[in-house]
Every structure is written in structure tokens, then in C-alpha cells.
2 protein chains.
Amino acid sequence: MTAAQSTSFRIDCSYCPIRHRAVCAKCEPDELDLLNRIKIYKTCPAGQVIAIRGEQMDMVASIVSGTAMVTRSITDGRTQMIGLLLPSDFIGRPGREAAPYDITAITDVTLCCFRKRPFEQLLLDMPHVQERLLEMALDELDAARDWMLLLGRKTARERIASLLSLILRRAKLPEALAERDCRIELPISREAIANYLGLTIETVSRQLTRLAKDGIIRIDGKRGIIVPDVAELMAETGDDSDGGVIA
Amino acid sequence: MTAAQSTSFRIDCSYCPIRHRAVCAKCEPDELDLLNRIKIYKTCPAGQVIAIRGEQMDMVASIVSGTAMVTRSITDGRTQMIGLLLPSDFIGRPGREAAPYDITAITDVTLCCFRKRPFEQLLLDMPHVQERLLEMALDELDAARDWMLLLGRKTARERIASLLSLILRRAKLPEALAERDCRIELPISREAIANYLGLTIETVSRQLTRLAKDGIIRIDGKRGIIVPDVAELMAETGDDSDGGVIA
DNA sequence: CGCGTGATTGAAATTTATCAAATCGCGTGG
DNA sequence: CCACGCGATTTGATAAATTTCAATCACGCG
């Protein structure tokens, strides 16, 4: 956590919207009390840099609201998005000094922060937090590996279809996916999509229009996408029929 | 763990070559005793399938010796290597029924196996194992994300250089990297390299000969590579000067 | 000695990136 | 209210990188 945040406050954990999914998901009331006492809320405006690779991190945090992106770059500016942080996702790595990636707020972001040292101590005392952190790390690992398949082997069209289908699955209830004309709002710009998919902006744009021409999607303004038939979109992802999800 | 293994035996943990790096690294002697009682050694010959994505896994295991590869594939046979398993690496995921990836032995492999249920129970009772598992998962996550940068943004030449430099760093002591004419043995075939780097066999082959023509490497038989100047190779990886490692 | 697998090389095709220009959306100031 | 300008997006033409298809080569082994 490098950059200054604009505000700092605290609310009670019992009202916390990410209570059941964040690192604290498995905590008992007394453990929650302890967390409550040492946490600090901070907010970052959209666009603000939350962490810079290689710089000192003295905080860890959960995302309470908003979206942030995790990126890595090489010398000449090429950058790859490595993860998307949504509410309940965790930032920071116990037992490491420097931030391993760059993190930038996409929308305004609210963070539930802990100073790193006390948090590390707390991990040892509170196995529930460590258990949950392990679960979350393994889920992220699965997601990262799915993405490796996409980046290493999928065509531009398949990448776009995969992204759209990912967003659909995250945004909609499973039963809603059977309906016709599902509408989603892209949470990120074309540039961010390109960085996510390992493509250029132009290729992203072209593949979107091509999918539209083929009737797989309809484009509705800059950020809106309407999917007439989700199954048809899924068929374009290149994945096996299960859509990458294990039964 | 799906496939049948050829042999099954047990040796004492105190002689275990991966004792200090595997999931049991942080265990006290009494904890080790407990592990010792419930572990089973198994071996797989080179080429054998160790796990198949989607199939039931009733074992978790550490790699004691040998090398295995973790892959994911899509419908038409395109496959992406998602990880390389070396001695001390862990196979299996607590709290999940089905294997999330395919795993294949590259060389003969010796595994230190635990039945999944008892191991899961043991995780709760032995925080040292869980701590270590978390560390290992986070390290793997970092590795997966580095690889995402490679797959999404690097050129074929940079990918090859990155792989060679990765193997160098794994195989040699840091001080040996300063020497001239470092020799490494590629642990995997051209096809496996291609699947690792998200390229075709032919591109791998061409880039290797091109790097050789440019004097960055010398090719020494099918599997041997001699690197006259490691720094020069590192400069071809596209990474910042730190070579992707955080201080 | 010939066979087979894995690796290399070559030529053509395809995909994606790059460079350049046009368009769109939208808030601002006149 | 409307023209202006800016950033983001789309579109077009061309170039570059990588894949694909097809041969050839190298080498270990029966």
C-alpha cells in the first residue's frame, strides 16, 4: 500500500458487505471483535495507484467495494493484467516486504486495511483466517491457471468470448444465464480488456464488432453488451462444454 | 491421483531429501512422526498420467524425486502447460473433490502420498502444515502470474530466453551465474517447451537456432544448452534488470 | 542397416500488431 | 443551445510475427 488514501474511517464488521466471503469469513464473533479493533477503512478514487511493484508494503487489505486491477509490465511499456480485484478479494502477501505487482483502482475503491505486522501475528493466532486465506489463494491460483490457458492457446475471438462469459457468470445468477438477451456492463475500458486478454485495443475492438456481425452479441453503447443466447457465446470460448468449471 | 502406481513403500522422514522444502518443512519432530505413520511412497514411470482433470482425487502428495507437468487443454487438442512440478512441490488441493488439471510424469517420479481425508483433518490439527501450504500456494501464484506476463506479452524470443534463464536460476547457485559458459540440461522435450511457452514446436526450434546464431547460447546436443554470458541472456528476456525477482 | 521418433528447416498462409485516420461521446465554455 | 475539443473507440491499410503444412535431418535401437 503505497499511495496516500483520501479518507480513513471504520464501520462495524457485522454490517460489512463482504463479511461472508473475505479473509474473515470463518471468524467467530470474538475473533471478529479483535479484527474490528485493528482495522482501518480507506478509500481510493478511481485511477489511483494502490501499490507499486517493488515498493514497501506495510498494509494488507480486503476490497470492500469497487474494482481494482493487478498488473505487471516490462521495460517498454507492455503490460499484462494479472488479476481483477472485486469486493472481498485480498491485497497483500503475508511474509513479503515488497509488493509483487502494481495495483490500480479502476472505480472508487473502499479498503479494509490492517497493518502488516499485526496481521501476520494474527494469522498465527487465528487459524480461521489462515484457512480462509489458503482457500482464497488456491482459488486465485486456479483462476490464474485458467487465464494461462487463455493467454497461451486461445485465439483473439475465443479470448473475447471467454471474457464475456466470465463476466456473465460473475454478474448473473446461474438461472439467469438461460434467458435470452442477457445484458452485461463491461466493468473496464477497451485498453484494460486488451491488457487482460494479451491483445491490442484494436484487436479487441475488431473482434467485438465481428462477434456482433455474427449475431453472437449486440453492442449497446460503449460499455453495454447484450447476449442473445449465452450458450452460443459459450460455444465460442474454445472451452469444453463445461465452460472451464469443474463439476 | 487416478492412475495406478507401480510400487508402494515408505522411508523415514528424517532421511527425506525434500524434508526442508515440502509441506512438512515447518513440522516439529512429533508432527513428523505422525506424518510418517500415514504416508505412503509411490512411484510413476516417465510418461504416466498422474491425474486427469475432472476425475476423483483421493490422494494428495509431495514430489520426492523426478519431474511432472501440469497441463490444461481445450477441445481440439491445444494444450498449455500450467506448471512444472519439481521435488518438494505439492499435488492436490484440500477441500476439492475433482482434480483441476491434468498431471503427467515427465521423468520417473516418486511421490509421498497421503489419503485426502486424513490429510485434511491433519491440516486443521497441524497449523505448521497449513502455514507452509499457504506459503507454497502464494509462491505458485506468483509464478503463475509471472507466466501470465510471458504468455500475454512476450515475443517468442523473449519467451525462450525467459525459460532458459528460469532453468538457470533453478539449477545453479547464484554465484555460478556469474561464470562464463554455464551449461544447462533442458528437463523437457521441445513439445513440452512449446506447451509451456504457448508456442509451436517449430517456433521454439527456430528461436533456439536464432539465439545460437546471435551468440547468446550454444546448442549442445538435443537437451544441452551452453550460455556463454548469463547477463546477455537475461537482457533478452524483456524483463527489467532485476530479472523478475523482487529484492 | 533401416526404422521411428523427435528436431530442424523451408515456404506459404494466417493471425495479430502497428501505424494512421476517421468517428463517437460527452462535458465545457461561449 | 451549440460549437469545440479531448479522450476513447472504431475502422482501414500494411507490416510483422507466428502458425501451418511439408520435407528433411539426426540419432538411438532393434
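Everything numeric here is computed off the predicted structure, so don't read it as measured data. Every heavy atom of this structure was used, including side-chain atoms; hydrogens, water molecules and symmetry mates were not.
- Nucleotide dT11(D) holds its P atom 14 Å from the CD1 atom of Ile201(A), rounded to whole Å.
- Rounded to a whole Å, the CZ atom of Arg78(B) is 12 Å from the P atom of dT15(C).
- Judged by distance alone, the side chain of Asn195(A) and the main-chain N or O of Met81(A) form no donor-acceptor pair under 3.5 Å.
- For the pair Glu158(B) CD and dA17(C) P, the computed distance is 14 Å after rounding to whole Å.
- Atom CG in Leu186(B) sits roughly 16 Å away from atom P in dG6(C) (whole-Å rounding).
- With hydrogens and angles disregarded, no donor-acceptor distance shorter than 3.5 Å links the side chain of Glu191(A) to the backbone of Ile201(A).
- Atom P of nucleotide dA8(D) and atom CZ of Arg223(A) are separated by 10 Å, given to the nearest angstrom.
- Leu211(A) places its CG atom 17 Å from the C1' atom of dT9(D), with the value rounded to the nearest Å.
- A donor-acceptor pair under 3.5 Å is absent between the side-chain atoms of Thr107(B) and the main chain of Gly66(B), judged by distance alone.
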Per-nucleotide protein contact string for nucleotides 12-30 of chain D (B base, S sugar-phosphate only, - none; heavy atom under 4.0 Å): BB----SBBB---------
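- Thr203(B) and Thr200(B) are linked by a side-chain donor-acceptor pair at a separation below 3.5 angstrom, with hydrogens and angles left out of the test.
- Summarising the geometry, the separation between CD on Gln80(A) and P on dA17(C) is reported as 11 Å, rounded to the nearest angstrom.
- When the C1' atom of dT9(D) is taken as reference, atom CG of Asp220(A) falls 16 Å away, rounded to whole Å.
- Defined by atom type and a distance below 3.5 Å, a donor-acceptor pair is missing between the side-chain atoms of Thr155(B) and Arg159(B).
- Under 3.5 Å, the side chains of Ser65(A) and Thr110(A) contain a donor-acceptor pair of N or O atoms.
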